[in-house]
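Encoded as structure tokens, the structure appears first; notes follow it.
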Amino acid sequence: MRKFAFLSATLLSVTGVCLGLAADDAAPPKPAGTQVQSKDATKPAPKPEEKPAKAAKTTEAADKVPANQEPDVPSKYTADETAIRAANESLIKAYCADDAKAVAEHFTPDGEYVNDRGSVFHGREAIQDSLTEFLGDHPGCQLESDLNEIRFVSPTVAIVEGTTTVTHKEDDSVTRCNFTAVYNKNDDKWQIASVRDQLDVVHPKHEDQLEQLSWLIGDWIDEDDDSVVSFSCHPVNNGKFLVRDFSLKVQGQEVLSGTQRIGWDPLSGKLRAWIFDSEGGFSEGTWQREGDTWTLKSAGVTAEGEVASGTSVYKLVNDHSMTWQATDYQIDGVAVPDSPEFTLVHTSPHPIDHDEKAAK
């Protein structure tokens with residue numbers, strides 16, 4: 001029973017800068033020396049020295065603007081700020097094109113990059129190698145970046161702070177980071193001397209990540225002549241976690257029950273599951289997705305202290321059914337045969353979020 005309890009509890013686990021400013025149209029200046037005619041011929045005309053002089057000055061200024069160039073329009077950014085923003089846009093374009101070399105060229109030759117896990121890559125070559133490996137493993141990633149502040153500590157050094165959002169093509173997962181970068185100006189070109197990423201832990205958007213498992217919400221059942229496996233799943237904590245209560249009945253008697261909590265791990269960037277069964281066993285696992293198929297690799301202990309591990313494979317068939325199968329399971333180093341593929345049927349509509357219902 002103790003091995004069956006752990007295996008059943010685990011099988012039931014499902015978690016998983018360019019500016020385009022146009023100058024105002026202005027009426028053409030009157031030619032210098034134009035006389036203003038008075039309606040009253042007896043009154044002398046005003047002296048022509050003042051307004052004609054101003055018109056002549058305007059004409060002189062206009063003559064200095066080349067025929068193929070519009071007059072200068074003030075920008076809200078300085079020339080250096082504009083150059084830094086343009087460099088940032090160029091880096092984003094190269095990243096989204098999976099061009100690691102082009103991204104690395106935005107760094108100084110001895111530039112440094114520190115990722116969100118604290119790993120340090122020193123030198124343009126090391127940065128390029130790291131990006132090549134990452135983009136090779138995650139092709140098609142899309143990068144968005146917002147520059148929140150640019151501070152100049154000298155004419156050739158700037159501190160830039162902002163945020164980045166990386167969307168992974170393979171599973172639509174999102175990683176958000178805050179960053180601080182030092183830009184150096186060499187030969188009128190701004191490049192990154194150092195940049196450090198830090199995961200956005202203030203607004204991690206856990207609920208957005210859990211949307212990947214929204215199909216799990218509701219009541220599910222699998223039954224045969226002797227046994228009934230059922231679970232009910234609902235969101236809690238304003239959608240930041242999913243809680244699933246499960247039970248196993250044999251000939252009408254409950255032989256196992258438990259609870260599972262599913263959440264987003266912002267450090268690893270994965271969906272994680274924590275499972276506790278009524279016998280006293282527990283386990284922890286992480287999820288990976290390939291299309292409509294999810295795999296949960298978990299490890300834990302039975303109530304008797306035996307070490308157990310394995311993989312569960314789940315596939316959403318349609319809005320009303322899914323399949324699961326246990327593979328590669330071991331208990332205290334002893335292999336457990338793979339299970340058949342079972343089918344669970346959705347028996348109820350998605351329930352209302354308990355937190356939202358209480359708030360009403």
Please find the pair of heavy atoms, one from Asn115 and one from Phe121, that lie closest to each other, and give the distance. ND2-CE1, 3.8 Å

Looking only at atom types and distance, does a side-chain atom of Asp187 sit under 3.5 Å from a main-chain N or O of Lys189, one as donor and one as acceptor? no

Taking the inter-plane angle between the rings of Phe134 and His168 on a 0 to 90° scale, is it parallel (under 30°), tilted (30 to 60°) or perpendicular (over 60°)? perpendicular

For the residue pair Thr163 and Asn178, confirm or rule out a side-chain donor-acceptor distance under 3.5 Å. no

Ionic contact status for Arg151 with Glu161, cut-off 4.0 Å: yes

Determine, stepwise, if the pair Thr132 / Asp129 fulfils side chain to side chain donor-acceptor pair (under 3.5 Å). CA-CA 5 Å; Thr132 299; Asp129 290 343; 5.2 Å; no

Considering only heavy atoms from C-beta outward, does the side chain of Arg176 approach that of Asp208 to under 4.5 Å? yes

Looking at every heavy atom in both Val120 and Val114, which two are closest together, and how far apart are they? CG2-CG2, 4.0 Å

Please confirm whether the backbone N or O of Gly300 pairs with a side-chain atom of Glu284, one donor and one acceptor, at under 3.5 Å? no

Counting distance only, does the side-chain N/O of Glu133 pair as donor-acceptor with the main-chain N or O of Ser130 below 3.5 Å? no

Would you please indicate yes or no on a ring centroid separation below 6.0 angstrom for Trp190 and Phe152? yes

Do Ser247 and Ser230 have side-chain N/O donor and acceptor atoms under 3.5 Å apart? yes

